[in-house]
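Some notes on the structure that comes next.
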Amino acid sequence: MSDVESDPIVAVAQVPSVLGDPDANIESMAHWLRQSADRGAQLTVFPECALSGYMMDSRSQVEAAAIEVSAERLAVLIDTASSTGTFAVVGLLERDADKVYNTAVLIGPGGIVGGYRKQHLPRLGADAFVDPGDGVAPRVYDVGVLRVGIMICFDLRFPESARELALGGADVIAMPTNWPMTAQFLADHMTRVRAVENLVFLAVADRCDRESDTAFLGRSQVIAPTGEVLVDVGDVEGIAVASLDLTQSRTKTLTFDDPPFSLPVFEGRRPELYSALTRPI
């Protein structure tokens, strides 16, 4: 049983974007956020670059689709979050002076809560032309009873990224992504590994449409700290929800009866022995 009054509900939105049209995408994501709220979700995770599209082939195209993260620019989404009393993690291309970042913004009833700029960049789509995040802003935020950490797509391949969020107290890691069809192994295995090794929920939102010549995998999912797949959307467009038993993400020592033993998953860490992790390869 959970130690909170009621288990929070998280949604993943497997929905398409219009390449290079932030205004149309903002209206579309507001529509989907209302749909998600109608299904009881307190938090909805949207795909990577949901407000801009992703499969771009030049810096100029990226800059043309980038927007500033401001209450005025995101007013439609903020108003929707306010009227529904919900939160959303939304991917976009963020313009900040002469920089452009692949960013996931956390929006709530009171406005912009925070955001995360993608730190690990593949040589694919918009990521081939954006600037890397500097890691200055917080990555874990309070969303009602939930503690939500944020990472984006390629970050999944770096165990340190998810571990940092877990050590920061995240109950759930929200992960917008644009998985191409070659990401089947990630959807089948790596999401479960990250959830189990960090004892957190993982909420992944992908697309299942096509953009330019690229087909997206879909497979948006919610994984429990046990590795149980609570939701796997497959290749169907729409919203899927899961309720989270927070005792699973807040119990960092696992106990077993047959034979009786325990695993202090976090207390057993030996960071003083991990100095090799800081050495360049």
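Computed from a predicted model, the values in this text were never measured in an experiment.
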Are the side chains of [Y] and [X] in contact, using a 4.5 Å heavy-atom criterion?
{"X": "Asn178", "Y": "Pro47", "result": "yes"}
{"X": "Arg194", "Y": "Ile173", "result": "no"}
{"X": "Phe129", "Y": "Gln61", "result": "no"}
{"X": "Leu121", "Y": "Val130", "result": "yes"}
{"X": "Gln14", "Y": "Val233", "result": "yes"}
{"X": "Ile150", "Y": "Tyr141", "result": "yes"}
{"X": "Arg39", "Y": "Gln35", "result": "no"}
{"X": "Pro176", "Y": "Phe46", "result": "no"}

If we count only N and O atoms by modelled type, under 3.5 Å, do the side chains of [X] and [Y] hold a donor and an acceptor together?
{"X": "Ser243", "Y": "Asp7", "result": "no"}
{"X": "Tyr54", "Y": "Asp127", "result": "yes"}
{"X": "Ser212", "Y": "Thr214", "result": "no"}
{"X": "Ser17", "Y": "Glu211", "result": "no"}
{"X": "Asp155", "Y": "Tyr116", "result": "yes"}

Measure the [atom1]-[atom2] distance between [X] and [Y] for me, rounded to the nearest 0.5 Å.
{"X": "Tyr101", "Y": "Asp134", "atom1": "OH", "atom2": "CG", "value": "5.5 Å"}
{"X": "Asp213", "Y": "Met55", "atom1": "CG", "atom2": "CE", "value": "8.5 Å"}
{"X": "Met181", "Y": "Arg210", "atom1": "CE", "atom2": "CZ", "value": "9.0 Å"}
{"X": "Leu186", "Y": "Leu156", "atom1": "CG", "atom2": "CG", "value": "6.0 Å"}
{"X": "Asn198", "Y": "Leu167", "atom1": "CG", "atom2": "CG", "value": "7.5 Å"}

Is the shortest side-chain N to carboxylate O distance from [X] to [Y] below 4.0 Å?
{"X": "Asp235", "Y": "Arg219", "answer": "no"}
{"X": "Asp96", "Y": "Arg117", "answer": "yes"}
{"X": "Arg250", "Y": "Asp245", "answer": "no"}
{"X": "Arg95", "Y": "Glu63", "answer": "no"}
{"X": "Arg270", "Y": "Glu272", "answer": "yes"}

I'd like to know if the side chain of [X] and the backbone of [Y] have a donor-acceptor N/O pair within less than 3.5 Å.
{"X": "Ser28", "Y": "Ala24", "result": "no"}
{"X": "Arg147", "Y": "Gly168", "result": "yes"}
{"X": "Thr80", "Y": "Val76", "result": "yes"}
{"X": "Ser249", "Y": "Val200", "result": "no"}
{"X": "Asp232", "Y": "Gln221", "result": "no"}
{"X": "Glu228", "Y": "Ala224", "result": "no"}
{"X": "Arg269", "Y": "Val265", "result": "no"}
{"X": "Lys118", "Y": "Pro132", "result": "no"}

* Asked: Stepwise, does the salt bridge (Lys or Arg N to Asp or Glu O under 4.0 Å) test hold for Arg139 with Glu164?
  -> CA-CA 9 Å; Arg139 296 179 61 204; Glu164 179 186 20; 2.5 Å; yes
Looking only at heavy atoms, what is the nearest atom pair of [X] and [Y], with distance?
{"X": "Met56", "Y": "Ser52", "answer": "CE-O, 3.3 Å"}
{"X": "Cys153", "Y": "Trp179", "answer": "SG-CD1, 4.3 Å"}
{"X": "Gln42", "Y": "Ile9", "answer": "OE1-N, 2.5 Å"}
{"X": "Ile67", "Y": "Leu92", "answer": "CD1-CD2, 4.4 Å"}
{"X": "Ala66", "Y": "Glu94", "answer": "CB-C, 4.2 Å"}
{"X": "Leu77", "Y": "Ile26", "answer": "CD2-O, 4.0 Å"}

Between Phe158 and Phe154, what is the ring plane arrangement, given parallel below 30°, perpendicular above 60°, and tilted in between? perpendicular
**Message:** Would Leu33 and Met29 count as a side chain to side chain contact (heavy atoms under 4.5 Å, CB included) here? Give the steps.
**Reply:** CA-CA 6 Å; Leu33 184 56; Met29 299 309 139; over 6 Å; no
>> If you apply the rule side chain to side chain contact (heavy atoms under 4.5 Å, CB included), what do you find for Met175 with Ile152, and how did you get there?
In response: CA-CA 5 Å; Met175 195 187 91; Ile152 302 173; 5.6 Å; no
